[in-house]
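Here is the structure we will look at.
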2 protein chains.
Amino acid sequence: MRSAERRATLADVAARAGVSKSLVSLVMRDEPGAGVATRRRILEAADELGYHPDSRARLLRSGRSRLLGVVFGIQHDFHGDLVTDLYTAARETGYEVALSAVTPGRDEREATAGLLQDRCEALILLGPQEPTASLARLATRLPVVVLARSVRDPAVDVVRTADAEGLRQAVDHLVRLGHRAIVHIDGGRAPGAAERRRGYRDAMRSHGLDGYARIIPGGLTEEEGAAAARVLLDDVPTAVTVFNDRCATGVLDVLARHGRAVPGDVSVVGYDDSRLARLAHVDLTTVAQDAVTMTRLAVGRAIDRIEGAAVARREVVVPPRLVVRGTTAPPLH
Amino acid sequence: MRSAERRATLADVAARAGVSKSLVSLVMRDEPGAGVATRRRILEAADELGYHPDSRARLLRSGRSRLLGVVFGIQHDFHGDLVTDLYTAARETGYEVALSAVTPGRDEREATAGLLQDRCEALILLGPQEPTASLARLATRLPVVVLARSVRDPAVDVVRTADAEGLRQAVDHLVRLGHRAIVHIDGGRAPGAAERRRGYRDAMRSHGLDGYARIIPGGLTEEEGAAAARVLLDDVPTAVTVFNDRCATGVLDVLARHGRAVPGDVSVVGYDDSRLARLAHVDLTTVAQDAVTMTRLAVGRAIDRIEGAAVARREVVVPPRLVVRGTTAPPLH
DNA sequence: GGGTGAACCTGGAACGTTCCAGACTGTGCG
DNA sequence: CGCACAGTCTGGAACGTTCCAGGTTCACCC
């Protein structure tokens, strides 16, 4: 069943190849300084013994972990997308990603504590809900990069989308289609909600639609979207912009159940371009956050901080991009 | 900004408290063998220095990692639920959970490789798609527990739901409501699909409804559910059992868009009782997999194997439970 | 008053790496 | 011929823990 033998170590490989530990170490790390013949011999020996370096010992000695800690919400589809791209962004950098999930039974403090224990060299937090002060305290211990939320603290790096701009694009699109009664379903205290709200207000104003502007409390879950949509049923606008895709899903669902055609009766715009929105049967017009760019920037920024490189701006704002799909169309009346 | 000082070590604490490293180590691990006064003094010193044990060194020396590696699909809602419960199941055991995600750009091999590098002592795989042979090979290196899939290999532990029984319960429920034309939307090659299919067939037969039995190819995603539902529109049954909740969501969506009332025109039953199903606006009748029990069993089993305890059965089958919600009702005609 | 434990504490050797200083070749050059 | 130098390679000291074999102290008992 399980192989009972002790794992092979550097010393074992060295003995078998008839060289010193140091040289094996060198070869394993692909550093120059070993002859080509010896190198091959060592690699063979390692292979025969099934040697795999022990990262604990390695990290202990080198004093580094080359680990980027990532805290994400396991229930957030968009976080899933970000994690996916974080893995690829980290792939070529020589750093690895260590995941720690926020769940209904495991808060951010616990999630970050776990990563600190593992000696991550930097933390990347996806849309954290912790107050700025806590994040600032964390940032005194190691570099912290916050993704998809704005944090005003000189010690915390931020990579986020220009959320206000995103909502402006959404409203512009709807207005161009001929909509005037455009309602915004809001994200409350969620990261980014305030700015999206502001973007909506400004955009409505700039189109001279102040009178139509209307904000309904929503949230970041399907539930909250559904609740908001039910409120809407009494007095249906021709278009809705929603805080995020997940919430928009709830809206779509309630509208469908009450016989309101989308986009016939109501146009709906989401936010995030998460997996959800891209599904063929949802086909949601949405504001895409450029996850690939954001994750690449976040990883780069974290590594810069770790390696002490000069960092120009503490906050990087990535432009959003409206993705027009099937849930928006000109109003019928 | 970042505190430049070196981290405090055992030796620092020992020096400050005026005792030996060994004693500090002891106290930090909460082992007996230190006087109450000294203990307090040491804890104080540690606190003042902001000492946190270095897990790398600790694990290196003790030869153990106390880490349970968990491989999960980041896009699977039900996996999210399982991860949530795995964390709580592990909380009291002295073992920790290390997460490794399967994403569109990162396959299971890569995910497990990462965990092996971290020296996890056992692996818990959520609904893995890898062939039995690969899993068996993995199991020669360390204990492997597969969750929510059946694997016929003497070296691999399995904790799964009695899937056939689940579908039987679903069909029984529908028949009791008066349905006869009950269609099953299938999961194809997904883990568990074959057994659910079998459960459906057997249940239909045992109710003498062979003639009505009809299986439509589906899958495990919303997309595939939606596609299956569109096929169904030509010849709508009065009830549908669906491979999983995620797929059922796609079904519900297409039905709603085509003006079919649920449960008025069609009753729908999902599988998993994932977060999705519990959402108030979805309110899906579904077959619950007992995630709490399953995760607890999986963690317990993994630890038993690690610690060499005798293990009675290689496979544990947990009974499912039908959760009746709002998507099932008697047929109208 | 000597012996016996228990209770408390210490020193130093591991664990498997990396890093550093230096040793040994052989080659090219003045 | 002697010297410098690059290219290889070695030995041993870290890294921060845990573990083990012991060393003290002190109360208690005969």
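Since the model is a prediction, treat every value here as computed from it, not as a measurement. Just so you know, these numbers use all the heavy atoms, side chains as well, and skip hydrogens, waters and symmetry mates.
- No option in B:Asp77, B:Asp81, B:Thr84 other than B:Asp77 meets the side chain to side chain donor-acceptor pair (under 3.5 Å) test with B:Arg275.
- Distance B:Asp30 CG to D:dT17 P: 16 Å, rounded to the nearest Å.
- For the pair B:Leu23 CG and C:dC9 P, the interatomic distance rounds to 6 Å; values are reported in whole Å.
- A:Arg56 comes within 4.0 angstrom of no nucleic acid atom, judged by non-hydrogen atoms across all strands.
- Across all strands shown, B:Pro53 has heavy atoms under 4.0 Å from sugar-phosphate atoms exclusively, and none from any base.
- One atom, CZ of B:Arg66, and another, P of D:dT17, lie 18 Å apart when rounded to the nearest Å.
- Ranking D:dG16, C:dG12, C:dC8 by closeness to the B:Thr38 side chain, first place goes to C:dC8.
- For the pair A:Leu59 CG and C:dG16 C1', the computed distance is 11 Å after rounding to whole Å.
- The pair A:Arg160-A:Glu315 meets the salt-bridge criterion, with a side-chain N (NZ, NE, NH1 or NH2) lying under 4.0 Å from an Asp/Glu carboxylate O.
- Under 4.0 angstrom from either OP1 or OP2 of D:dC15 there lies no side-chain N or O belonging to A:Arg64.
- A donor-acceptor contact closer than 3.5 angstrom is absent between the side chains of B:Arg106 and A:Thr88.
- A:Ser20 has a side-chain polar atom (N or O) that falls below the 4.0 Å cut-off from OP1 or OP2 of D:dT10.
- Formation of a donor-acceptor pair under 3.5 Å by the A:Asp272 side chain with backbone atoms of A:Ser274 is not found in this model.
- Nearest nucleotide to the B:Asp54 side chain, out of C:dT18, D:dT17, D:dT18: D:dT17.
- Each of B:Gly18 and B:Ala57 lies near DNA chain C, and the nucleotide nearest B:Gly18 is the one positioned closer to the 5' end.
- When the P atom of C:dG11 is taken as reference, atom CG of B:Leu26 falls 15 Å away, rounded to whole Å.
- Side-chain proximity of A:Leu60 to C:dC19, D:dT18, D:dC15: nearest is D:dC15.
- B:Tyr95 and B:Arg64 share a side-chain donor-acceptor pair at under 3.5 Å.
- Look at CZ on A:Arg39: it is 9 Å from P on D:dT8, rounded to the nearest Å.
- At a cut-off of 3.5 angstrom, the base of D:dG11 holds at least one donor-acceptor pair with the side chain of A:Ser22.
- Of the candidate nucleotides C:dT17, D:dT17, D:dT10, C:dT17 has the atom nearest to the side chain of A:Leu10.
- Per the geometry, CZ belonging to B:Arg58 stands 17 Å off C1' belonging to C:dA14, to the nearest Å.
- Considering only the side chain of B:Ala34, C:dC9 comes nearest among C:dC19, C:dC15, C:dC9.
- Backbone-only contact: B:Gly35 has heavy atoms under 4.0 Å from sugar-phosphate atoms and none from a base.
- For A:Arg61, no side-chain nitrogen or oxygen approaches OP1 or OP2 of D:dA13 to under 4.0 Å.
- To the nearest angstrom, C1' of D:dC9 lies 10 Å from CD1 of A:Ile42.
- Side-chain atoms of A:Ser62 and A:Arg58 include no donor-acceptor pair closer than 3.5 Å.
- For A:Lys21 and C:dT17, a side-chain-to-base donor-acceptor distance below 3.5 Å is present, hydrogens and geometry of angles not being considered.
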